[in-house]
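What follows is a short report on a single structure.
No experiment lies behind these values; they were computed from the predicted model shown. First the proteins, then the strands, lettered A, B, ... as listed; each starts at 1.
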Amino acid sequence: MIFNDFNPAEDKLFRIMDDEGRVINPEYMPEVNPETIRKAYQSMLFARTADLMAVSYQRQGRMFTYPPILGQEAIQAAAGMLIRRDDWLVPAFREMAIMLAKGVSLKEIFLYYLGNEEGSNFKDAHHVLPICVPIGSQYLHATGIAYEVKYNKKDEVVFPFIGDGGTSEGDFSEALNFAAVWQVPVVFTIQNNQYAISVPVQRQTRSINLAVKSVAFGMPGIKVDGNDFFAMYKAYQEAIQWARDGKGPVLIEAYTYRKGAHTTSDDPSKYRTKEEEKLWEAKDPLLRLKKHMELNNISLMEKEENVAQTDLSPAELHSGIITKDDLFAGEDTLIESYKEEVDRQFIAAETFRAYELDDVFKHMYVEMPDELARQKADYEQFLRWKEARR
Amino acid sequence: MIFNDFNPAEDKLFRIMDDEGRVINPEYMPEVNPETIRKAYQSMLFARTADLMAVSYQRQGRMFTYPPILGQEAIQAAAGMLIRRDDWLVPAFREMAIMLAKGVSLKEIFLYYLGNEEGSNFKDAHHVLPICVPIGSQYLHATGIAYEVKYNKKDEVVFPFIGDGGTSEGDFSEALNFAAVWQVPVVFTIQNNQYAISVPVQRQTRSINLAVKSVAFGMPGIKVDGNDFFAMYKAYQEAIQWARDGKGPVLIEAYTYRKGAHTTSDDPSKYRTKEEEKLWEAKDPLLRLKKHMELNNISLMEKEENVAQTDLSPAELHSGIITKDDLFAGEDTLIESYKEEVDRQFIAAETFRAYELDDVFKHMYVEMPDELARQKADYEQFLRWKEARR
Amino acid sequence: MSVMNMVQALNNAFDIKLAEDRSVVMFGEDVGLEGGVFRVTEGLQKKYGVERVFDSPLAESAIVGTGLGMAMAGLRPIVELQFDGFTYPAFNQIISNVSRMNNRTRGMYKAPMVIRFPYGGAINAIEHHSESPESLYAHIPGLKVVVPSTPHDAKGLMISAIETDDPVIFMEPKRIYRAIKQEVSDEKFSIPIGKAKIVQEGTDITLITFGALVRECQKAAEMAKAEGISVEIVDLRTIYPIDRETVGASIRKTGRVLIVAEAPQSFSVGSELVTIANEEAFLSLEAPPRRVMGFDTIVPLAQGEKFYLVTPERILYEMIQLKNY
Amino acid sequence: MSVMNMVQALNNAFDIKLAEDRSVVMFGEDVGLEGGVFRVTEGLQKKYGVERVFDSPLAESAIVGTGLGMAMAGLRPIVELQFDGFTYPAFNQIISNVSRMNNRTRGMYKAPMVIRFPYGGAINAIEHHSESPESLYAHIPGLKVVVPSTPHDAKGLMISAIETDDPVIFMEPKRIYRAIKQEVSDEKFSIPIGKAKIVQEGTDITLITFGALVRECQKAAEMAKAEGISVEIVDLRTIYPIDRETVGASIRKTGRVLIVAEAPQSFSVGSELVTIANEEAFLSLEAPPRRVMGFDTIVPLAQGEKFYLVTPERILYEMIQLKNY
Ligand SMILES: Cc1ncc(C[n+]2csc(CCOP(=O)(O)OP(=O)(O)O)c2C)c(N)n1
Ligand SMILES: Cc1ncc(C[n+]2csc(CCOP(=O)(O)OP(=O)(O)O)c2C)c(N)n1
Ligand SMILES: [Mg+2]
Ligand SMILES: [Mg+2]
């Protein structure tokens with residue numbers, strides 16, 4: 001069990017791959033075939049493309065705000081590949097990639113940031129909660145959902161997400177405590193991206209790391225290199241197994257970095273250094289997985305399947321037998337196709353039917369009270385007056 | 001450092017004395033002279049007397065409610081002997097004994113339970129907060145006070161109290177987190193008396209103990225036998241030193257038992273067994289200290305001072321040289337005098353000036369708004385009308 | 001039919017719903033084994049098991065927040081907050097999530113849950129055990145706020161509260177938990193949320209009230225009779241959505257209205273009812289609508305409560321002022 | 001005198017108080033290094049040091065709860081909650097402790113602290129960033145609730161808020177943080193809490209409002225002039241204690257009153273003002289007092305805000321209804 005081998009109380013960090021993409025802890029390497037790795041990379045690439053485009057839509061004044069996930073793709077790709085359709089995703093607000101993996105459409109996500117509640121009404125996604133803005137509060141919902149799972153003896157696991165800053169909220173602690181007391185199947189993820197807006201994690205807590213908070217509630221915890229796709233994948237595999245086996249909740253700290261701004265209204269240069277950003281640049285999760293694929297002769301596109309599994313040394317790789325360019329030859333074309341897809345989704349969101357007065361009232365209650373109907377009627381009268389005055 | 005020797009992560013319990021009053025961990029025995037021990041016992045005896053009488057006043061219908069501290073006297077006696085006048089006491093609601101030690105009068109405590117806010121307006125006590133009923137919320141006040149202490153470079157320590165149940169509230173975690181981040185001088189005490197009303201601590205949390213929650217916030221923690229006066233005394237000595245030295249906060253779990261009911265409105269037989277109660281009866285903190293005093297030939301009253309320091313074996317003790325009765329000869333008389341004092345205080349509370357209309361309004365604001373004056377005047381008009389109708 | 005007090009009537013409502021609907025679960029501090037500090041859930045854990053009726057750790061935000069999770073996943077939780085004054089740690093979950101999940105997700109996730117707690121003064125309690133926070137909850141869009149005044153109403157309204165798909169704040173007037181006994185049907189029945197009840201008809205003055213103060217109003221009306229004042233009493237039963245029609249009709253009839261409630265008067269249910277009086281019956285008003293309510297202060301500790309609590313005599317006094325306007 | 005917007009005026013008030021009183025400290029999420037997400041505290045950490053102006057961990061209950069501790073120990077903390085919708089995790093500390101410490105201890109411990117936050121809609125924000133919770137806080141005994149409408153008022157009221165020994169909820173209308181520029185004295189000055197201001201005199205209708213909507217009312221009054229309606233505008237400045245006298249006098253003069261605010265209308269500041277109109281000016285009322293406020297719904301996301309927000313045109317419409325009553 002990695003949870004035993006990497007005790008957060010000793011501040012151990014679980015990694016499988018180093019920054020150069022080399023497998024440094026092969027005994028923990030999950031069984032993933034090239035196809036899975038390729039899919040992982042592609043999903044990360046898609047998320048990154050969508051993320052960058054979202055920021056640029058906002059810059060163009062076509063969207064109100066957006067919280068980039070840039071740099072946090074590996075965590076969500078790993079979870080996204082392992083989460084089942086019946087499992088529950090309980091996001092905070094920086095989980096675009098795993099929301100996509102769980103069936104939410106980009107159009108819906110864009111619609112939300114275009115200022116329409118219909119963006120939280122997921123048409124195809126199953127068991128995904130909406131974005132939850134009040135920090136920490138979603139963690140309690142996850143514990144409650146997991147109670148239902150256990151109560152009805154279902155084979156489901158609940159996946160709530162939170163940031164490093166969120167661990168300071170009382171709701172975080174209460175949620176872990178209730179989940180542990182009830183022994184319900186929750187895999188709690190902390191995306192520790194080092195900052196809560198401008199506040200670094202060192203001013204957020206004095207605990208040696210965030211995973212160790214699990215000790216306070218009697219559940220396993222582990223600090224994982226969040227930019228290491230394989231480590232995240234393995235950690236989720238074991239955590240999910242634990243939860244599905246009825247052993248209760250687990251806490252995963254995914255140690256990562258928010259490469260972008262907090263949201264499009266934020267300017268990180270106010271509170272962090274270029275040096276720090278450069279340091280983390282080298283740990284970029286896509287870059288690392290790409291390096292790993294190159295080292296292991298895994299191509300971006302499917303055609304290479306027959307070559308796979310052969311570990312080539314970097315020397316061999318550079319000897320010209322298989323060049324880097326060959327392996328990732330299709331990347332630009334792929335990105336172009338992703339961009340087109342993202343744009344299609346964005347335009348679908350932009351051209352979504354106009355917001356109506358009824359949208360303000362319709363869903364406030366399941367059974368609309370007379371009082372709301374009255375207020376709406378009053379407003380309609382005003383609209384008629386306004387129309388007449390023209 | 002006992003905090004290193006008794007790591008709560010290994011579920012170690014810090015004890016000095018066994019249930020028979022024998023010193024089992026002499027290396028940790030604090031330097032306390034017989035006079036101190038005598039004072040400790042007497043203060044515990046006074047608290048117990050007052051506590052039992054409070055319950056009986058309530059039974060007589062002379063007081064509305066009361067939460068007994070029965071069984072938790074050693075914790076509060078130890079803290080009470082070490083807390084300085086300038087240190088801050090931040091109680092929950094089951095801290096009668098340490099409130100007395102800090103200068104609150106019994107009259108004031110009774111007045112509070114007689115339903116008068118003047119019972120929280122301590123005339124002689126310095127740096128004592130009022131009883132705080134919303135569980136957990138007082139912990140944050142303590143952290144804030146400690147910020148002021150550090151800010152103004154004062155040599156003070158803050159002593160907040162909470163119950164085992166209270167550790168589940170979000171405020172508990174937030175308070176520890178802020179105190180650790182700010183590195184302020186707080187000695188957090190959890191009185192783990194095994195129950196939160198009817199809910200046993202096993203259903204409150206799954207952590208191996210409560211002291212280990214300190215790990216989540218990066219501060220030392222220790223689980224102490226709360227019925228062992230010496231262990232509590234030693235633990236407080238080291239914790240206070242740590243805090244006063246500017247090393248930040250500390251968490252102490254005092255492992256004890258609520259021998260009485262939750263409050264006078266509660267009936268513990270609904271949720272716990274006679275066997276359990278009997279088991280803990282043997283660990284009674286007064287009984288244990290008494291046994292220790294007898295074993296060590298320390299008398300209840302001062303006259304024996306010359307005899308002290310000589311450790312007599314139980315055999316010697318029972319050989320008739322000094323009998324138990326001799327050492328505690330004055331106990332009944334002492335209890336009688338305590339009872340008289342308690343009764344005097346109770347009567348002073350009972351005969352406190354009558355509650356007036358003005359008491360409802362006067363303190364709601366420091367600067368009373370016109371609106372309140374208006375409401376009061378309206379009511380006075382009603383009173384005049386009522387008077388006239390007679 | 002059985003004679004029941006409010007505690008028994010509520011317990012009976014839970015019993016009926018627990019028996020017929022496995023998605024109903026109940027929890028909160030001391031709710032399970034002990035049956036709650038007021039014994040409202042007594043015996044239910046024994047009958048339905050610890051999975052369905054259980055104690056939670058001591059954390060109100062978690063009680064409500066996990067309850068919401070359960071509700072979104074398909075259960076119908078009934079959560080207890082131990083006292084009025086301990087509902088506030090859960091305030092963020094209530095206002096930021098419970099009340100708006102349906103709106104936030106355009107109906108994708110509903111929040112069918114009941115948040116119940118004993119409320120109000122007159123039990124000689126310490127601080128935080130005597131509060132009437134209905135105005136706070138009624139101001140929050142997305143909630144229904146219900147307050148029964150009799151055992152019969154408690155049962156019928158609770159059944160409706162459990163069955164509606166909207167979240168309900170259910171305030172139980174603790175001072176009459178056991179004070180009123182009444183014949184209550186043993187069968188399942190429900191009373192609609194959002195409809196007030198005319199407790200007694202009258203022609204001179206309308207008293208609008210709810211919960212424990214209905215009884216005080218009845219006493220005051222009795223006293224007023226001696227003064228020649230004919231009093232109509234409206235028991236709101238539901239604070240939100242408030243029954244504008246019944247309230248308006250009664251005021252149009254009597255022309256004089258006194259609002260009787262226990263909470264601090266400013267920015268309160270009393271203010272809203274004065275507004276409704278204006279909006280619905282302005283031309284019929286023969287005197288300015290009045291409020292007889294708590295002061296803008298904390299409910300005093302036991303010794304001071306006599307000044308704070310609204311008594312029949314004070315209601316009478318206010319009615320006389322109204323009459324003589 | 002300098003030309004200042006509200007952000008600058010507030011910053012200036014803090015600067016003055018930090019400079020003259022070492023017991024003043026400021027903290028909250030992102031308040032220190034960054035100067036707050038709206039930059040209201042910008043530059044102050046640099047000037048006064050990290051002990052006096054600092055970032056806290058992310059926990060509102062703790063921000064307020066530790067602030068209260070500091071206040072009891074003799075400091076005068078000014079705490080920031082990042083947005084209106086994030087004040088609720090601190091609700092329990094505010095209602096159960098901050099507002100009542102003075103009362104609980106009969107004056108032994110005071111709670112001189114300012115809890116400040118940006119409030120209100122119209123910035124195209126996501127959920128929880130557009131709320132107007134003044135009615136909730138005004139209903140809580142023991143608090144003063146202050147809302148400025150101009151840079152000048154913001155400075156003067158903030159200085160009073162810091163100096164009073166009572167706890168103050170200070171709501172900053174974020175949509176006019178930078179929208180209004182004005183000459184503001186560089187000297188220290190204060191504006192009394194609890195006194196409303198007549199923004200403009202008029203004879204036909206009284207508009208009662210506060211915060212960002214004062215400006216909208218001024219626009220509406222301009223439009224009304226064209227319709228031959230003379231409008232008096234009362235800017236409350238303080239929601240609690242509310243200035244009954246100024247409000248009452250104005251309504252007695254005009255006989256017609258419209259309350260303009262952004263929060264959900266039921267159980268709101270609007271309801272309280274209608275009540276005051278009745279209590280203070282019943283015999284002068286020529287039409288039922290009206291409210292033009294938010295619906296009883298959540299403030300919609302950006303696309304729906306146009307329906308929700310109170311516009312000058314809607315104010316005008318309501319005034320015409322009032323006039324024609
Ligand atoms: C209860 C609450 N308080 C404050 C905020 C404002 N806010 C939004 S994001 C954020 C920082 C969150 O930091 P972290 O939890 O580390 O998540 P990250 O943004 O890094 O993903 C803050 C303070 C909020 N959304 N909710
Ligand atoms: C916020 C809050 N919730 C609920 C209560 C009601 N209540 C009073 S005491 C108590 C149990 C406290 O248990 P614990 O913390 O173990 O302290 P103990 O009573 O054992 O000293 C409860 C639930 C309260 N006072 N405050
Ligand atoms: Mg972060
Ligand atoms: Mg306890």
Proximity of C:Y325 and D:F282 rings by center, below 6.0 Å: yes

Rounded distance [0.5 Å steps], CG in C:L273 versus OG1 in D:T275: 9.0 Å

Side chain to side chain, D:S266 and C:H139, heavy atoms closer than 4.5 Å: no

Portion of C:I276 that has a non-hydrogen atom of chain D nearer than 4.5 angstrom: neither

Interchain contact, D:L301 with chain C, by part (heavy-atom threshold 4.5 Å): neither

Side-chain heavy atoms of D:F267 within contact of C:Y137, under 4.5 Å: no

Atom group of D:F86 that falls short of 4.5 Å from chain C, counting heavy atoms: neither

Selection from D:T87, D:I242, D:T297 maximising heavy-atom pairs under 4.5 Å formed with chain C: D:T297

Residue pairs, two or more places apart or on separate chains, that pass salt bridge (charged side-chain N to carboxylate O under 4.0 Å, His left out) and touch residues 287-301 of chain C: C:R290-C:E318, C:R291-D:E272, C:R291-D:E279

Contact listing (chain C partner; residues 90-97 of chain D; heavy atom under 4.5 Å): D:F91, D:N92, D:I95, D:S96

Residue among C:G142, C:A263, C:S268, C:P133 with most heavy-atom pairs under 4.5 Å to chain D: C:S268

Options C:P89, C:G85, C:S61, ranked by heavy-atom pairs under 4.5 Å with chain D, top entry: C:P89

Per-residue contacts, residues 246-262 of chain D versus chain C, heavy atoms under 4.5 Å: none

Side chain / backbone / both / neither for D:Q265 at chain C, heavy atoms under 4.5 Å: backbone

D:E286, CD atom: more than 12 neighbouring heavy atoms under 6.0 Å: yes

Interatomic spacing from CD1 in D:I298 to OG in C:S99 - rounded to 0.5 Å: 5.0 Å

Toward chain D, the part of C:A277 with a non-hydrogen atom under 4.5 Å: neither

Closest-packed option against chain C by number of heavy-atom pairs under 4.5 Å, given D:V269, D:N103, D:I140: D:V269

For C:Y308, ring-ring contact (aromatic ring centres under 6.0 Å, His included) partners two or more places apart: C:F295

Gap between atom CZ of D:R100 and atom NE2 of C:H128 - 0.5 Å precision: 5.0 Å

Between C:P289, C:G294, C:P300, C:A287, the one whose heavy-atom pairs under 4.5 Å with chain D are most numerous: C:A287

